[in-house]
Amino acid sequence: MTRTPFAPDRFWFGGDYNPEQWPREVWAQDVELMQRAGVNTATIGVFSWALLEPEEGRYDLGWLDDVVELLHAGGIGVVLATPTASPPPWFTAAHPDALPVLADGTRLWHGSRDTYCVCAPAYREASRSIARVLAERYGDHPALRAWHVHNEYGTYCWCDHVAAAFRVWLEDRYGTLDALNAAWWTTFWSQHYESWEQVVPPRATQYLHNPTQSVDFRRFFSDEMLDAYREQRAEIRAAGSSAPITTNFMLPTWNHLEQWSWSAELDVPSVDHYLDTTGPDGEAHVAYGSDLTRSWADGGPWLLMEQSMSSISTGGRITFKDPARAVRNSLGYVARGAQSSLFFQWRASAGGSEAWHGAMVPHAGADSATFRAVCELGSVLDSIAEVTRPPADGRLTSSEIAVWWHAEGWWALENRSLPSDHLTYPDAVRSVHRAAWHAGLEVDFTRPGADLSDYRVLLVPSMFALDDAAVRSLEEFVAGGGHVVVWPFSGIADENLHVVTGGYPGRLRDLVGLRVEHLAPLAADESVVLDDGSTGTVWSELVQPDDATVLRRYRGGDLDGSPAVTRAARGTGTVTYVSTHLDLTATRALLEDVAAAAGVAPVVADRPASVEVVRRRGAEHDYLFVLNHGERAACVTGPGVDLVAGGRTDDGVTVAAGGYLVLREDEDATWDVTTTG
Ligand code: GAL
């Protein structure tokens, strides 16, 4: 697919705007407040289907025309959504077969959002129609900045429409029933299939599901949703609209889409990111979401489509987000490649299911710390507009460390028939990324099997199943002098989730230079101690080195004295194997050690722990973002220009506690970052 160029010359600032919830006099106030805050982008129509098409085939676009014209007259661009995440009541009444069905057969009712089955023909047809109508009406409107197709694809269904589509997908993947039977290991538990009609989605069943069937269902659903996206994209293009098209992924908890194949179909990847913790780890979470999305964008710019200005979700409770943090976090995304700072939502709803979600204009109104922070952010984004211009090679960081990431890795570990429920893919990946973040090392994520020539270090956290291409690329990387770190339960199985026998990790045994004979996963409250005093949780195993050298041993317990961390020399490269989930300090030390051996340095050496420093590459300059998450002021000294306050930084500038700096660097600048006070 040829991508439509995405090259805004300023940061998109604004968010989801739902004027249909308010009388028209509020719309005029909204535009006035948007202008005051420097908002330049409003995402409209995300959940407007019932008002845009009040009955089948009868469209009422007059109010949306007025909104678009009002915004346009106010100098505010529009990201126009197709509203297909929430079909209207008439649709449900006419097509009850298009309501989603749970794995246990319960058919859901209308009354929330996302009450559709993506495989239902009526839903697909209705989605195409509304996309076509909107594209014909607004496709070349000068206010249109981009299309936002749907919202967070990810609604599963287990109905008969799904079963039929799943069979088509399986026939395409396997060709023959024999191949399917082999891949699904159906000789076990009398699951052998004699006809395609016998195959069903993994619906609620008596005991454990077939793991390969379950992962295939996730693969299928991602592909099916991608088809639905492509259909809407085709309608938009057929109507002649040339604006960039995207759809918003959801992080961190959703894993319904295989983001690499999806991103290849988007003009620019976009993501919704909601912090999962109020503590300092939330800062590392900003970096995680950003590094992932930039990687899906091939290292280039991406869109932060939604975040929350004033709240953090903390397990069934909303916690107030400090306004200074909202500004700092927004710059954290930008530092790592976001081309926007967009929020859900502009004005807090007074009713409905999300009235208590944070907003740019809170219930208290514009006379609030939150809105003042919105204004500050708008002004900062304006001051740093030059940062948007990408370097000629399109790569916004110079990371030489890659982390393997794949949705299938996550899906594979969700099976409940594995040795431990405590080993989760997000935790495994997050712990590695978090350690790199603390070490100040830049990282990208990359797809197993993809070209690794930009990297010197590859990190492989718990990637259970590997196909031939992935194994080959790992071998070639190491043969070329690359340094690899492998965490437990990686390379155990092939792409059908079949264990490679003869000792774990069967697919990587020669590379890691060892053999694991038996696994010893730990209970939730158990830990192991290593001979350097570090601790491991979640996992342990009996490692028998072949030609790998032992770096750390288990101390005490059943594995007393046996190897815990090993390293195999491979030409000028190395392969380090970590057989447990090491604590943060030990993981960080390990990454620093491997990075140093590979000649990879942090962005700034010896910075205070609470000060994050990120470099974003630009067209003519590089830019340094300094984010002070701590409670003490910091001082930054080096050759550059403070883009927000103005003035040179050679003699040192102060970053207040909780504050930030954005600097244009002189060529080959080096920086000194310390805390003061
Ligand atoms: C997003 C969604 C928004 C809003 C937001 C806050 O996932 O796209 O519509 O619901 O979460 O909960």
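All ligand and atom numbering here is 1-based and tracks the order in the structure.
With a 4.0 Å heavy-atom cut-off, ligand 1 is reached by no atom of Asp16.
Nearest protein neighbour of atom 1 (C) of ligand 1, counting heavy atoms only, is Glu306 OE1, 3.0 Å.
A salt bridge is defined here as a Lys NZ or Arg NE, NH1 or NH2 lying under 4.0 Å from an Asp or Glu carboxylate O, and Arg294 with Asp444 meets this definition. Salt bridge status for Glu258 with Arg218: absent, with no side-chain N to carboxylate O gap under 4.0 Å. With salt bridges taken as basic N to acidic carboxylate O contacts below 4.0 Å, one links Arg219 and Glu408. For the pair Asp291 and Arg336, the salt-bridge criterion is met [side-chain N within less than 4.0 Å of a carboxylate O].
The distance criterion of under 3.5 Å between nitrogen or oxygen atoms is met by Glu152 with respect to ligand 1.
Shown in contact with Asp272 at under 4.0 Å from a heavy atom are these atoms of ligand 1, numbered in order with element: 8 (O). Within ligand 1, counting atoms from 1 as listed, the ones closer than 4.0 Å to a heavy atom of Arg113 are 2 (C), 3 (C), 4 (C), 9 (O), 10 (O). Within ligand 1, counting atoms from 1 as listed, the ones closer than 4.0 Å to a heavy atom of Phe47 are 9 (O). Close approach to Asn151 involves these atoms of ligand 1, each under 4.0 Å from a residue heavy atom: 2 (C), 8 (O), 9 (O).
Checking Gln307, Glu354, Gln345 against atom 4 (C) of ligand 1, the nearest heavy atom belongs to Glu354. Considering Trp356, Phe343, Tyr274 only, the shortest heavy-atom separation from atom 5 (C) of ligand 1 involves Tyr274.
Cation-pi geometry between Arg430 and Tyr288 is satisfied (NZ or CZ under 6.0 Å from the ring centre, within 45° of the ring normal).
A side-chain contact (heavy atoms from CB on, under 4.5 Å) with Phe221 is found for one member of Leu226, Leu257, Val162 and no other, namely Val162.
No side-chain N or O of Asp272 forms a donor-acceptor pair with one of Gln307 less than 3.5 Å apart.
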